[in-house]
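All residue numbers in this chain count up from 1 along the given sequence.
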Amino acid sequence: MNKEDIVRMLDSENIGYEITEHEAVFNMGELSEISMPYPGDDAKNLFVRDDKRKQYYLITVKGDKRVDLKQFRKTYGTKPLTFASPDDLKEIMDLTPGSVSPFGLLNDKEKKVIFYFDRAFLNGTGKTGVHPNDNTATLWIDSEDLIKIIKNHGNTVNIVDL
């Protein structure tokens, strides 16, 4: 699914959202230079894999958080983790670096990526700001709706404190 497909899907399912169009951003530093309507609710997305390339994970946290992959491994019982390659990202979620998003899971035909979502998004406004598989926009969606979309697609979803 691309940006237009995601917007059509949200509209057809009557799921509320706001979209902020902006210049392409490739990291949280670049995003912080853009005026956003919900700056505390933007997401950082890490696409990682285990050392045997058997299991893939998408970790979504608030943009100002750091994720210690060694601690993540200990807490969630994974094998050693490293960032997945751009080729893995393209093959599994049909995305390019800089556009990683939970919406990319909708392109995971084999549902091989396990999703870890930071519970902190359920507090405050309850919104999550993610790319709609395109790093020239941020889509603001109710976190509960985002979780439901990914669960309905069939990927494993873990809501955790990160």
Side-chain angles (χ1 to χ4, degrees), residues 1 6 9-10 13 15-18 20 25-32 36-86 88-89 91-133 135 138-162:
M1 295 184 89
I6 290 166
M9 181 222 21
L10 295 172
E13 296 183 18
I15 296 173
Y17 64 91
E18 295 175 53
T20 303
V25 294
F26 294 90
N27 57 54
M28 295 309 295
E30 291 176 8
L31 185 66
S32 70
M36 290 291 189
Y38 310 100
D41 296 322
D42 52 349
K44 178 181 351 183
N45 299 284
L46 308 175
F47 184 51
V48 298
R49 63 169 176 82
D50 70 18
D51 61 343
K52 303 294 184 200
R53 283 195 159 108
K54 292 188 185 246
Q55 188 59 65
Y56 291 83
Y57 306 90
L58 178 64
I59 304 168
T60 298
V61 299
K62 293 263 188 167
D64 61 352
K65 287 190 175 180
R66 297 184 59 86
V67 177
D68 180 334
L69 293 180
K70 287 181 182 177
Q71 185 59 48
F72 184 91
R73 173 189 180 201
K74 288 178 189 174
T75 302
Y76 300 106
T78 72
K79 293 185 182 327
L81 299 173
T82 188
F83 286 95
S85 71
D88 288 340
L89 180 61
E91 179 184 323
I92 297 167
M93 294 203 297
D94 195 25
L95 298 176
T96 57
S99 63
V100 179
S101 165
F103 285 118
L105 295 169
L106 301 178
N107 295 330
D108 176 12
K109 293 177 178 62
E110 296 177 30
K111 293 148 185 81
K112 64 188 336 182
V113 180
I114 297 174
F115 184 40
Y116 282 85
F117 186 73
D118 190 352
R119 186 181 320 277
F121 285 110
L122 300 172
N123 302 324
T125 67
K127 294 185 183 304
T128 304
V130 294
H131 293 311
N133 293 347
N135 67 349
T138 298
L139 192 143
W140 307 94
I141 185 170
D142 183 278
S143 300
E144 294 281 358
D145 287 336
L146 179 60
I147 292 165
K148 185 167 61 172
I149 289 166
I150 303 306
K151 281 183 177 178
N152 288 344
H153 180 259
N155 289 80
T156 301
V157 176
N158 297 285
I159 302 164
V160 296
D161 294 309
L162 293 168

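- Two residues are said to be in side-chain contact when any heavy atoms from C-beta on lie closer than 4.5 Å; E18 and K127 meet this criterion.
- Here the closest non-hydrogen pair linking S143 and T128 is OG-OG1, 2.6 Å.
- The side-chain heavy atoms of D94 and N133, taken from C-beta on, include no pair separated by under 4.5 Å.
- Taking CE of M93 as the reference point, atom CG of N107 lies at 8.5 Å (rounded to 0.5 Å).
- Sequence neighbours left out, the pairs with a member in residues 57-68 that pass salt bridge (Lys or Arg N to Asp or Glu O under 4.0 Å) are D41-K62, K65-D118.
- Interatomic distance, OH of Y17 versus CG of L146, reported as 14.5 Å (0.5 Å rounding).
- The minimum heavy-atom distance linking N155 with V113 is given by the pair ND2-O, 2.9 Å.
- At a threshold of 4.5 Å between non-hydrogen side-chain atoms, the residues I150 and L106 count as touching.
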Item checked: Working for side chain to side chain contact (heavy atoms under 4.5 Å, CB included), residues V67 and L162 -> CA-CA 7 Å; V67 177; L162 293 168; 5.5 Å; no

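- Contact of the V100 side chain with the L58 side chain is registered, since non-hydrogen atoms from C-beta on lie closer than 4.5 Å.
- Between Y57 and F72, the angle of the ring planes goes over 60°, which puts this pair in the perpendicular group of the 30/60° scheme.
- For H131 against S101, the heavy-atom pair with the smallest separation is O-OG, 2.5 Å.
- With sequence neighbours excluded, the residues satisfying side-chain hydrogen bond (donor to acceptor under 3.5 Å, both in side chains) with T75 are Q71.
- Residues T60 and N45 bring a donor and an acceptor atom of their side chains to less than 3.5 Å of each other.
- Put simply, OG1 on T156 and CD1 on I114 are 5.5 Å apart, with the number rounded to the nearest 0.5 Å.
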Next item on the list: Evaluate the side chain to side chain contact (heavy atoms under 4.5 Å, CB included) criterion for residues T78 and D50: first the C-alpha distance (whole Å), next the side-chain angles of each, then the deciding distance (0.1 Å), finally the verdict.
Entry: CA-CA 7 Å; T78 72; D50 70 18; 5.9 Å; no

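- Taken from CZ in F47 to OG in S85, the straight-line distance is 8.0 Å, to the nearest 0.5 Å.
- Nearest heavy-atom pair, P102 versus V130, reported as atom, atom and distance to 0.1 Å: CD-CG1, 3.6 Å.
- With 3.5 Å as the limit, one finds no donor-acceptor pair spanning the side chains of T20 and T138.
- Counting only heavy atoms from C-beta outward, the side chains of V160 and Y76 approach each other to under 4.5 Å.
- Separating the CG atom in D161 from the CZ atom in R119 is a distance of 4.5 Å, to the nearest 0.5 Å.
- Contact annotation: the side chain of I147 never approaches that of F121 to less than 4.5 Å [non-hydrogen atoms, C-beta and beyond].
- Side-chain contact between W140 and P37 is present, with heavy atoms from C-beta onward closer than 4.5 Å.
- Going from atom NZ of K79 over to atom NZ of K52 covers 7.5 Å, rounded to the nearest 0.5 Å.
- Applying the salt bridge (Lys or Arg N to Asp or Glu O under 4.0 Å) test to every pair with at least one member in residues 140-158, sequence neighbours left out, gives no pairs at all.
- Taking the six-membered ring where the residue is Trp, F117 and F115 present tilted rings, their angle falling between 30° and 60°.
- Counting all heavy atoms, side chain and backbone alike, L95 lies closest to G104 at CD1-CA, 3.7 Å.
- Looking at heavy atoms from C-beta onward, F103 lies in side-chain contact with I141 at the 4.5 angstrom threshold.
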